[in-house]
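Protein chains get the first letters and strands the later ones, always in sequence-line order, with residue 1 at the start of each.
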Amino acid sequence: MQARFSVDSGDFTKAGSASSAIKRMLKQLGVKPAVVKRVVVALFEAEVNVIAHSYGGFIQCDISPEKVNLLVQDTGPGIPDLDLAMTEGWSTATDAVREMGYGAGMGLPNMKKNADSLQISTAAGKHTEIRMSFSLKEGEDGVS
Amino acid sequence: MKINQIVEAVKGKVACCQENLDKEVRFGFASDLMSDVLTLRDDDILLITGLSNIQAIRTAELSDISVVLLVRNKTASKEMVDMAREAGIVLITTEYSMFRTSGILYEKGLPPIY
């Protein structure tokens, strides 16, 4: 099962709408609430990042009986120093983003905490691609 | 602590989902920063916030938070109420500050997360 959502740059009125739709899908499929929460929180962080920091992009969600795979890809401008961006509290968010309640520099570290695996491909001037995976197998509740 | 006890303690007004006032919350968390709210792992949390916009409600929905208490006499917009209703989130407003609200609820036995 696959679902795809476009995410517009700067449009905070719709922030979380894709994450909310995927949450409903996972609940309808009977995924455990604790796993749903990890998927949705990590995805929401990524969705807010696309809105706040990129030129726009999309979210693709693939659900199989074994796992949930998320692909979040934007059209730039890329992250110049990924190690710095993974540091809790480090942020380039504007005042407008902070007024919305976001931009505390917790997004990427929180994705890492919630996902079973996280891969980020980015560079200054390029697009950013985030791949996250979550196991749905019984007994595997692994939080990295 | 039951939600209706919270409403009574802070002299609150219920803006949405009156039918859920009999439910309970286990913890209280006060923040205007939704980035911090998204780091919480526990369930059955009361979110106390002065952030009166739809992001507060959306963050609550995605974090499985079932009660949002708006402090500092903030009003809930129609968009906030509509989103809260759809998600089944009880939305309460109070004239009290965040500090006073938190103090009252802590004193009455609502524990913090940390």
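- By the 4.5 Å heavy-atom criterion applied to side chains, B:R41 and A:K37 are not counted as neighbours.
- Distance CD/B:Q55 to OG1/A:T13: 8.0 Å, rounded to 0.5 Å.
- Counting non-hydrogen atoms of neighbouring residues, nucleotides and ligands closer than 6.0 angstrom, the CD atom of B:E107 reaches no more than 12 such neighbours.
- Follow the hydrophobic side-chain contacts under 4.5 Å out from A:M25 and you reach A:V7 in the same cluster.
- The stretch residues 82-106 of chain A places A:E99, A:M100, A:G101, A:Y102, A:G103, A:A104, A:M106 near chain B, each with some heavy atom under 4.5 Å from a heavy atom of that chain.
- Contact of the B:R58 side chain with the A:S19 side chain is not registered, since no non-hydrogen atoms from C-beta on lie closer than 4.5 Å.
- Looking at A:F12 and B:N53, their side chains never come closer than 4.5 Å, going by heavy atoms from C-beta outward.
- Contacts of residues 66-76 of chain A with chain B at a heavy-atom distance below 4.5 Å are absent; not one residue qualifies.
- Chain A is approached within less than 4.5 Å, heavy atom to heavy atom, by no residue from residues 4-23 of chain B.
- Heavy atoms closer than 4.5 Å to chain A are found in both the backbone and the side chain of B:L62.
- Clustering ILVMFWY residues whenever any of their side-chain heavy atoms sit less than 4.5 angstrom apart, transitively, puts B:V71 in a cluster other than the one holding B:F29.
- Annotation for B:E95: atom CD does not count as buried by contact number, only 12 or fewer foreign heavy atoms lying within 6.0 Å.
- When the shell of 6.0 Å around CD of B:E24 is examined, it contains more than 12 heavy atoms from other residues, nucleotides or ligands.
- Note that CE of B:M83 is 7.5 Å distant from OG of A:S20, once rounded to the nearest 0.5 Å.
- Only the backbone of B:L40 comes within contact range of chain A, with at least one heavy atom under 4.5 Å from a heavy atom of that chain.
- Between chain A and the residues B:T39, B:I54, B:D36, the most heavy-atom pairs under 4.5 angstrom are made by B:T39.
- For residues 17-28 of chain A, the set of pairs meeting the salt bridge (Lys or Arg N to Asp or Glu O under 4.0 Å) definition, not counting sequence neighbours, comprises A:K23-B:D64.
- Cluster annotation: B:Y114 is not connected to B:V25 through the hydrophobic network of ILVMFWY side chains, with a link wherever side-chain heavy atoms come within less than 4.5 Å.
- The residue among B:T49, B:D32, B:T59, B:V37 with the most heavy atom pairs within less than 4.5 Å of chain A is B:T59.
- The hydrophobic clustering, which links ILVMFWY residues whose side-chain heavy atoms are closer than 4.5 Å, places B:L47 and B:L69 apart.
- Residue B:F99 is not grouped with residue B:I113 when hydrophobic side chains (ILVMFWY) are merged at heavy-atom distances under 4.5 angstrom, including chains of intermediate members.
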